[in-house]
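Remarks on the structure that follows.
Note that the structure is predicted; figures quoted are calculated from it, not measured. Computed from heavy atoms alone, side chains included, the values below leave out hydrogens, waters and symmetry copies.
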Amino acid sequence: MIESDPHLISGLKITRMKASRYTISTLKETPADAEIASHQLLIRGGFIRKLASGIYNWMPIGLKVLQKIERIIREEMNASGAQEVLMPVVQPAELWEESGRWGKYDDGLLLKFTDRHNRNFCLGPTHEEIITEIARNELRSHKQLPVNYYQIQTKFRDETRPRFGVLRAREFMMKDAYSFHSSQQSLQETYDLMHETYSRILSRMQLDFRPVLADTGSIGGSASMEFHVLADSGEDIIAFSSDSDYAANIEMAEAVGPEPEATTPEATEDISTPGIKTIAELAAFLKIDPARTVKTLIVKGSETPLVAIVLRGDHEMNKIKAEKLPEVAETLIMASEEEIRNVIGAGTGSLGPQGLNIPLLVDRAAAALTNFVAGANRDDFHTLNVNWERDCGDFRVVDVRNVEEGDPSPDGKGTLRLKRGIEVGHIFQLGYRYSEAMNATVLDENGKAITMLMGCYGMGVSRLVGAIIEQNHDEKGIIWPAPIAPFHCIIIPVNGHKSAAVAETAEHIYKALGAAGIEVLLDDRDGVRPGAKFADAELIGIPHRIVVGDRGLDKGVVEYVNRRSGESAEISTHQIAQYLIDLVKSDSDK
RNA sequence: CGGGGUGUAGCUCAGCCUGGUAGAGCACUGUCUUCGGGAGGCAGGGGUCGUGAGUUCAAAUCUCGCCAUCCCGACCA
């Protein structure tokens with residue numbers, strides 16, 4: 001039976017907890033299937049446990065962290081005027097058929113099933129359809145607009161490859177908000193407000209983040225920004241200017257074309273290049289810079305079977321940009337060797353832009369070259385001194401490459417730098433994408449039905465737990481930012497079982513801190529030696545630690561240690577409670 | 001989905017190649033000593049070796065199927 005403690009709980013906030021009565025399931029060894037720091041530390045610290053691939057249990061201490069994040073998000077969303085709702089995880093197929101996404105939504109990600117009456121349902125990967133259903137039923141007049149509804153709910157996406165623990169789980173916690181408007185200006189205002197709100201939320205979590213221009217992806221819509229937490233383990237690459245606040249996902253970052261070269265065209269010359277297939281081999285063979293060459297990629301077209309895309313030899317194709325080109329098939333597919341040979345008469349490795357009879361799309365940087373080297377469209381031959389106007393027929397200049405470190409910034413200010421980021425938020429202006437398909441209208445001033453404009457604003461709550469750890473850990477474990485920490489303070493009595501003075505002092509400080517509303521964990525576990533307690537405290541990342549031992553009590557002091565700085569101080573037993581109260585208060589004032 | 005790896009105690013793994021009594025460390029239970037940086041002794045509990053078939057006198061070990069899981073490539077909060 002658990003000892004009754006009337007002071008244990010104050011409202012919903014657990015201010016006092018004894019480690020002997022709390023599930024602290026720390027592991028000394030790193031689990032074999034965890035690759036990155038946040039995943040390893042969440043498992044080792046006993047915050048989460050895997051139930052199945054990409055599906056996790058949140059243990060008591062992990063849930064506390066999750067709820068701290070939720071609380072910050074709720075406070076800021078409420079402050080922005082948004083209203084919290086809760087929509088079902090299980091969603092009927094009919095609404096998805098109405099929006100046209102039942103058969104389209106990245107087939108596979110959507111987990112479908114049927115009930116006993118053989119009706120189709122799915123587990124919600126997102127809630128545009130449901131919120132639009134709510135809006136069209138409940139909103140009648142333009143006077144009710146704008147509104148912004150949000151929820152914090154479990155989502156399920158049947159990712160082909162769950163990875164990195166909570167950073168890419170199949171089941172995860174997300175805050176999603178949806179706004180409705182009668183004018184573009186109103187949508188823009190809410191969009192801007194959400195931009196500010198997201199910045200405020202991430203700042204309160206003390207994260208180093210960047211809002212960046214983003215692709216809208218499969219959700220659709222126009223304007224879109226992602227919020228990235230900077231971390232080397234991030235899956236996205238973002239480009240940002242050295243001299244301005246321009247920042248964009250590399251998927252979107254515009255590659256500015258260089259000035260065309262002014263060199264006079266020289267006579268072309270075919271040379272034998274036996275066995276040379278790659279740009280690196282070609283550049284080494286000719287002893288030239290890869291930037292003097294071009295590479296020709298053949299992909300499936302939308303109107304024609306094949307399309308040629310030409311890039312400078314040292315550049316990489318950007319898949320997202322390529323798919324947006326009208327000549328290119330909506331899903332980028334590279335042509336097979338056989339298809340290429342049938343149309344061009346040469347294989348990959350010997351292709352060039354000269355004399356092709358398929359649409360020719362040339363990246364800006366490649367188009368600026370003169371007297372460059374390209375494949376000769378004849379196996380094992382390349383051509384020197386190729387020039388666009390003279391040698392290549394009709395072509396269109398496009399932006400289809402990834403930007404690189406040092407490229408000029410598209411806004412003309414400074415140069416681009418690249419960093420990795422974890423996408424924790426994404427805001428969109430959806431426009432009419434769903435409201436039109438699902439006929440969500442209100443009456444305007446003239447009594448005429450108008451389709452509402454929509455915005456949508458997502459934030460990965462459980463992903464944030466991982467992202468925060470990626471930015472806040474050391475070799476010993478997690479270092480929670482104060483507003484996220486599961487407990488503010490941990491008290492470790494040394495030899496409390498032997499020394500009544502130690503046990504009593506620890507208990508006294510514990511009660512004093514709890515009474516002051518500080519979330520405090522007393523590590524009173526029997527038979528766990530001090531070293532193990534110190535290691536656990538550091539692993540689970542409690543910001544403030546108090547060590548009570550005979551060594552200090554003889555002098556009337558206890559030891560205070562700061563998790564982040566490692567700094568320690570001896571504080572008198574009479575002053576320690578107030579000392580901590582002041583520290584925690586200054587944490588929350590930040 | 002394509003390619004590769006791995007499934008043996010709660011966790012980390014050995015054993016498999018070369019078939020013959022199922023192991024270690026950590027964790028757990030009891031006990032004694034210990035107790036300011038993941039202690040040590042003694043005693044103990046815990047495994048249908050992922051699963052199904054096949055080969056064999058005999059399968060954790062060899063063969064095949066299936067399942068799970070992880071990693072590398074195309075998607076997303």
Identify the pairs formed between an N or O of the protein and an N or O of nucleotides 40-43 of chain B at a distance under 3.5 Å, and give each distance.
none

Summary of ring pair (Phe, Tyr, Trp, His ring centres under 6.0 Å) pairs that have at least one residue in residues 17-36 of chain A, sequence neighbours excluded: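 Sorted pair list: A:Tyr22-A:Phe487.
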Nucleotide opposite [N] in a Watson-Crick or G-U pair, distances under 3.5 Å:
| N | result |
| --- | --- |
| B:U56 | none |
| B:U29 | B:A43 |
| B:A24 | B:U12 |
| B:G19 | none |
| B:A77 | none |
| B:G38 | none |
| B:U51 | B:G65 |

Nucleotide of B:U69, B:C76, B:G73 approaching A:Ser53 most closely (side-chain heavy atoms): B:U69
Options B:C75, B:U12, B:C76, nucleotide nearest the side-chain atoms of A:Arg163: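 Ranking B:C75, B:U12, B:C76 by closest atom to the A:Arg163 side chain puts B:C75 first.
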Residues forming a ring pair (Phe, Tyr, Trp, His ring centres under 6.0 Å) with [X], sequence neighbours excluded:
| X | value |
| --- | --- |
| A:His544 | A:Tyr560 |
| A:Phe156 | none |
| A:Tyr198 | A:Phe227 |
| A:Phe113 | none |

Nearest-angstrom distance, [atom1] atom, [N] to [M]:
| N | M | atom1 | result |
| --- | --- | --- | --- |
| B:C13 | B:C32 | C1' | 31 Å |
| B:A53 | B:U61 | P | 14 Å |
| B:G7 | B:A14 | P | 7 Å |
| B:U6 | B:U12 | C1' | 14 Å |
| B:G46 | B:G4 | P | 41 Å |
| B:G2 | B:A59 | C1' | 33 Å |
| B:G40 | B:C35 | C1' | 12 Å |
| B:G10 | B:C49 | P | 13 Å |

Partners meeting side chain to side chain contact (heavy atoms under 4.5 Å, CB included) with A:Ala135 (sequence neighbours left out):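 For A:Ala135, the residues satisfying side chain to side chain contact (heavy atoms under 4.5 Å, CB included) (neighbours in sequence not counted) are A:Leu139, A:Phe180, A:Met452.
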Quiz item: A:Arg49 side-chain donor-acceptor pair to B:C11 base, under 3.5 Å: no
First encountered from the 5' end of RNA chain B, between A:Val424 and A:Glu35: A:Glu35
Whichever of A:Glu235 and A:Pro31 has its nearest RNA chain B nucleotide further upstream toward 5': A:Pro31
Could you list, one pair per line, each protein nitrogen or oxygen that sits under 3.5 Å from a nitrogen or oxygen of nucleotides 6-8 of chain B, together with the distance?
none

Scan nucleotides 33-39 of chain B against the protein and return all N/O pairs shorter than 3.5 Å with their distances rounded to 0.1 Å.
unit_1 : atom_1 : unit_2   : atom_2 : d
B:U34  : O2     : A:Arg529 : NH1    : 2.6
B:C35  : O2'    : A:Asn495 : OD1    : 2.1
B:C35  : O2'    : A:Asn495 : ND2    : 2.7
B:C35  : N3     : A:His497 : NE2    : 2.8
B:C35  : N4     : A:His497 : NE2    : 2.6
B:G36  : O2'    : A:Arg551 : NH2    : 2.3
B:G36  : O6     : A:Gly549 : N      : 3.4
B:G36  : N2     : A:Glu559 : OE1    : 2.2
B:G37  : O6     : A:Arg545 : NH2    : 2.6
B:G37  : N1     : A:Glu538 : OE1    : 3.3
B:G37  : N1     : A:Glu538 : OE2    : 2.9
B:G37  : N2     : A:Glu538 : OE1    : 2.2
B:G37  : N2     : A:Glu538 : OE2    : 3.4
B:G38  : O2'    : A:Lys28  : NZ     : 2.7
B:G38  : O6     : A:Arg44  : NH2    : 3.1
B:G38  : N1     : A:Asp536 : OD1    : 3.3
B:G38  : N2     : A:Asp536 : OD1    : 3.0
B:A39  : OP2    : A:Arg529 : NE     : 3.3
B:A39  : N9     : A:Arg529 : NH1    : 3.2

Would you mind classifying the nucleic acid contact of [X] as base, sugar-phosphate or nothing, using non-hydrogen atoms under 4.0 angstrom?
| X | result |
| --- | --- |
| A:Asp236 | base |
| A:Lys155 | nothing |
| A:Thr160 | base |
| A:Ala169 | base |

Partners passing salt bridge (charged side-chain N to carboxylate O under 4.0 Å, His left out) against A:Asp524 (at least two apart in sequence or in another chain):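 A:Asp524 satisfies salt bridge (charged side-chain N to carboxylate O under 4.0 Å, His left out) with no residue once adjacent residues are dropped.
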Pairwise salt bridge (Lys or Arg N to Asp or Glu O under 4.0 Å) hits with a residue in residues 464-474 of chain A, at least two apart: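 Qualifying pairs, neighbours excluded: A:Asp474-A:Arg563.
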Pair A:Arg101-A:Tyr434, side-chain donor/acceptor within less than 3.5 Å: yes
Electrostatic pair A:Asp232:A:Arg420 at N-O distance under 4.0 angstrom: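 So A:Asp232 does not pair with A:Arg420 through a salt bridge.
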Check ion pair A:Lys155-A:Asp176 (N to O, under 4.0 angstrom): yes
Please state how far atom [atom1] in [X] lies from atom [atom2] in [N], giving the value in whole angstrom units.
| X | N | atom1 | atom2 | answer |
| --- | --- | --- | --- | --- |
| A:Phe164 | B:C71 | CZ | P | 7 Å |
| A:Asn57 | B:G10 | CG | P | 17 Å |
| A:Glu171 | B:A77 | CD | C1' | 14 Å |
| A:Ile24 | B:C28 | CD1 | P | 13 Å |
| A:Glu29 | B:A24 | CD | C1' | 12 Å |
| A:Asp158 | B:C76 | CG | P | 15 Å |
| A:Glu316 | B:G73 | CD | C1' | 14 Å |

Within-4.5 Å side-chain heavy-atom neighbours: A:Phe121 and A:Leu111: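 In short, these two side chains do not touch, never coming nearer than 4.5 Å.
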Got a list of side-chain donor-acceptor pairs under 3.5 Å for residues 492-499 of chain A, not counting sequence neighbours?
unit_1   : atom_1 : unit_2   : atom_2 : d
A:Ser499 : OG     : A:Ala501 : N      : 3.4
A:Ser499 : OG     : A:Val502 : N      : 3.0
A:Ser499 : OG     : A:Asp550 : OD1    : 2.9

Gap between atom NZ of A:Lys319 and atom CD of A:Glu316 - 0.5 Å precision: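 One finds 14.0 Å between CD of A:Glu316 and NZ of A:Lys319.
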